[in-house]
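Just so it is clear, the values below take in all heavy atoms, side chains as well, and ignore hydrogens, waters and symmetry mates. Here the structure is a predicted model, which means the values were calculated and not measured.
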Amino acid sequence: MIKSFSTPPLPHPPLHLHLTRRSFLLSTTTTTAATSLALPAASLPPPPPPDTTITDRVFMDFSICPNYFKPDRTISDDLASLCSDSLPLGRLVLGLYGRLVPLTVANFKSMCTAPGSSYRNTLVNKIFPGQYFLAGRQGRRDKGEVRPPLSELARNTEAVDSRAFLLSHSRAGVVSLCLSENDDDDKIKMDPEYRNVEFLITTGPGPCPQLDSKNIVFGTVLEGLDVVTAIASIPTYKPSERIRQLNDLAEFLGDDRAQNARAMWNKPLKTVYISDCGELKVSKPTLSPSLP
């Protein structure tokens, strides 16, 4: 009888752990990353709030011009010559967030102070009741529109910076640079030297969430909310429902006149304009400004 013999298993070779400095650092980094991902979101520190320190103050005086549409006016007439007997509405004092959006604030200040090219003697071009009003539309000075001093305005790269859109239009008196609501002519926007200077001020009484994340909030009304309310109460042109339907049809058919017609919607039926503007010099930000 033949006996079978089983061969005993060969012993495994000893495992030599070869730990280099690179592999040690890699393993440490991986462990740290895994630990960080495992931490609950509540343990992470919240991001700091936007810096809404008021670094600058400007004023704007608003008035109503009774003679803007007089029949004997000439092309050379501007608001300064037509509105010598205007009705003052009052003054706004605006606080600007120069640390949050320095380029937007610098351009706005320049538009309030530049001689001959400022917001002075330009129109409030649209009023949306219960929401906001627009001013600073570019175009011809004789039509009460803005001609910005391009040499003094920086190209505003904050328009593509997500940090510039952190603040919301949550109440009356929010000052914002118009991006989504900008109604400058397309021909003007196509200019390589174009600088957007149109702005809006919310009128309340409620928030305007449709403006959030689409326009740059750069300031607030410090004094003169009663003036904002007075501007918001001015009647505007409102097309009938039938005109709106016909306009929608014309736009669907590609008729360019539809857009031209909509440019008249929400225009104030009284000539509201910025009769004066400028910078307020404040030696100490904690003190109230001395109005000039």
Handout entry: Co-members of the apolar cluster containing Tyr194 [side chain, <4.5 Å]
Key =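 Ile188, all in the cluster of Tyr194.
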Exercise for the section: Could you identify which residues cluster with Phe128, counting Ile, Leu, Val, Met, Phe, Trp and Tyr as linked when any side-chain heavy atoms lie under 4.5 Å apart, either directly or through a chain of such contacts? Expected result: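 Once heavy-atom contacts under 4.5 Å are chained together, Phe128 belongs with Tyr132, Leu134, Leu200, Leu211.
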Problem - Donor on one side chain, acceptor on other, Asn196 and Asn182, under 3.5 Å - result: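 Side chains of Asn196 and Asn182: pair found under 3.5 Å.
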Handout entry: Thr104-Glu158 side chain donor-acceptor pair, cut-off 3.5 Å
Key =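 Their side chains do contain a donor-acceptor pair, which is all the 3.5 Å distance test asks for.
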Problem - Under-4.0 Å salt bridge between Glu279 and Lys109 - result: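 A salt bridge links Glu279 with Lys109.
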Enter the distance from [X]:[atom1] to [Y]:[atom2] here, rounded to the nearest 0.5 Å.
X: Leu167; Y: Ser213; atom1: CG; atom2: OG; result: 10.5 Å
X: Leu96; Y: Leu280; atom1: CG; atom2: CG; result: 10.0 Å
X: Asn121; Y: Asp142; atom1: CG; atom2: CG; result: 12.5 Å
X: Leu103; Y: Ile216; atom1: CG; atom2: CD1; result: 9.0 Å
X: Thr203; Y: Phe133; atom1: OG1; atom2: CZ; result: 8.0 Å
X: Leu269; Y: Tyr237; atom1: CG; atom2: OH; result: 10.0 Å

Practice task
Can you run down the salt bridge (charged side-chain N to carboxylate O under 4.0 Å, His left out) pairs that involve residues 169-178, sequence neighbours left out, and say none if there aren't any?
Solution key: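 For residues 169-178, and leaving out neighbouring residues, there are no salt bridge (charged side-chain N to carboxylate O under 4.0 Å, His left out) pairs at all.
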Exercise for the section: Mind jotting down which residue pairs meet the salt bridge (charged side-chain N to carboxylate O under 4.0 Å, His left out) criterion with at least one end in residues 205-218? Sequence neighbours excluded, please. Expected result: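 Qualifying pairs, neighbours excluded: none.
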I want to check something: taking the side chain as every heavy atom from C-beta on, are [X] and [Y] in contact at a cut-off of under 4.5 Å?
X: Ile64; Y: Pro88; value: no
X: Ser118; Y: Cys277; value: yes
X: Val272; Y: Leu123; value: no
X: Gln131; Y: Thr202; value: no
X: Val101; Y: Leu177; value: no
X: His169; Y: Ser176; value: yes
X: Leu89; Y: Tyr273; value: no
X: Val221; Y: Ile201; value: yes

Does [Y] offer a backbone N or O that forms a donor-acceptor pair with the side chain of [X] under 3.5 Å?
X: Ser275; Y: Asp61; result: yes
X: Glu223; Y: Phe59; result: no
X: Glu145; Y: Arg137; result: no
X: Asp185; Y: Lys187; result: no

Handout entry: side chain to side chain contact (heavy atoms under 4.5 Å, CB included) between Ile127 and Lys267, intermediate numbers included
Key = CA-CA 6 Å; Ile127 300 174; Lys267 281 190 173 295; over 6 Å; no
Problem - Test log, rule side chain to side chain donor-acceptor pair (under 3.5 Å), inputs Ser180 and Asn215 - result: CA-CA 6 Å; Ser180 66; Asn215 305 276; 3.0 Å; yes
What is the minimum heavy-atom distance between [X] and [Y], and which atoms define it?
X: Leu166; Y: Pro50; answer: CB-CG, 3.8 Å
X: Asp184; Y: Gln138; answer: OD1-N, 2.9 Å
X: Gly136; Y: Val197; answer: O-CG2, 3.8 Å
X: Cys112; Y: Arg120; answer: O-NH2, 4.3 Å
X: Ser63; Y: Ser86; answer: CB-OG, 3.8 Å

Problem - Exceeds 12 heavy-atom contacts within 6.0 angstrom, atom CZ of Arg147 - result: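 No.
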Exercise for the section: Sorted by first residue and then second, give each ring-ring contact (aromatic ring centres under 6.0 Å, His included) pair with at least one member in residues 97-116; sequence neighbours left out. Expected result: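 Sorted pair list: Phe108-Tyr119, Phe108-Phe199, Phe108-Phe218.
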Practice task
Begin with the C-alpha distance, continue with both residues' side-chain angles, and end with the deciding distance and a verdict on side chain to side chain contact (heavy atoms under 4.5 Å, CB included) for Val174 and Thr220.
Solution key: CA-CA 5 Å; Val174 174; Thr220 185; 5.7 Å; no
Exercise for the section: If a pair satisfies side-chain hydrogen bond (donor to acceptor under 3.5 Å, both in side chains) and one of its residues is in residues 227-236, list it, with sequence neighbours excluded. Expected result: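 Found none.
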Practice task
Take Asn107 and Glu152 through the side chain to side chain donor-acceptor pair (under 3.5 Å) test and state the conclusion after the steps.
Solution key: CA-CA 8 Å; Asn107 285 351; Glu152 300 181 22; over 6 Å; no
Handout entry: side chain to side chain contact (heavy atoms under 4.5 Å, CB included) assessment of Val227 paired with Met60
Key = CA-CA 10 Å; Val227 180; Met60 283 188 168; over 6 Å; no
